[in-house]
Undergrad: 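Quick one: this structure, given as structure tokens, is what I'll be asking you about.
Sequence positions, counted from 1, serve as the residue numbers for this chain.
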Amino acid sequence: MICGKCQANKEAVLITQQYQLQQSLVTIHYIPATRCNCQTYISTTVQQEIQAYLTENANLTQPKVLAYSEV
């Protein structure tokens, strides 16, 4: 696919993101996304799954590192 903004090819990538909870930091690896020259895009479905996981585990008190497949 070609990006409508930068006209570069979009490529499938796996990214890592960190999310700050009230008392903890959650790092999620291997999140599926697409990337071009102007942005990295995570699909709405994937974002919803991550948000549901974070809401469910909002009371974590220690940092947590996991793979997206565990979300």
Undergrad: Looking at residues at least two apart in the chain, or sitting in another chain, which of them share a side-chain contact (heavy atoms from CB on, under 4.5 Å) with T55?
TA: Q51
Undergrad: Not counting sequence neighbours, which residues clear side-chain contact (heavy atoms from CB on, under 4.5 Å) with T44? List them please.
TA: Y41, Q48
Undergrad: Does the side chain to side chain contact (heavy atoms under 4.5 Å, CB included) test come out yes or no for N59 and Q23, once each step is laid out?
TA: CA-CA 7 Å; N59 294 326; Q23 302 175 31; 5.8 Å; no
Undergrad: Any side chain to side chain donor-acceptor pair (under 3.5 Å) pairs touching residues 27-38, not counting sequence neighbours?
TA: T16-H29, Q18-T27, R35-T40
Undergrad: Quick one: closest heavy-atom pair of C3 and C36, and the distance?
TA: SG-SG, 3.6 Å
Undergrad: Just by modelled atom types, is the T61 backbone N or O under 3.5 Å from a matching donor or acceptor in the S24 side chain?
TA: no
Undergrad: Is Q22 atom CD crowded by more than 12 heavy atoms from other residues, nucleotides or ligands, each under 6.0 Å away?
TA: no
Undergrad: Can you list the other members of the hydrophobic cluster that holds V65, where links are side-chain heavy atoms under 4.5 angstrom apart?
TA: none
Undergrad: Within a radius of less than 6.0 Å around CD of Q7, do more than 12 heavy atoms belonging to other residues, nucleotides or ligands occur?
TA: yes
Undergrad: Hydrophobic side-chain clustering at under 4.5 Å (ILVMFWY, transitive links): who's grouped with I50? Put none if nobody.
TA: V13, I15, Y19, L21, V26, I28, I31, I42, V46, Y53, L54, L60, L66, Y68, V71
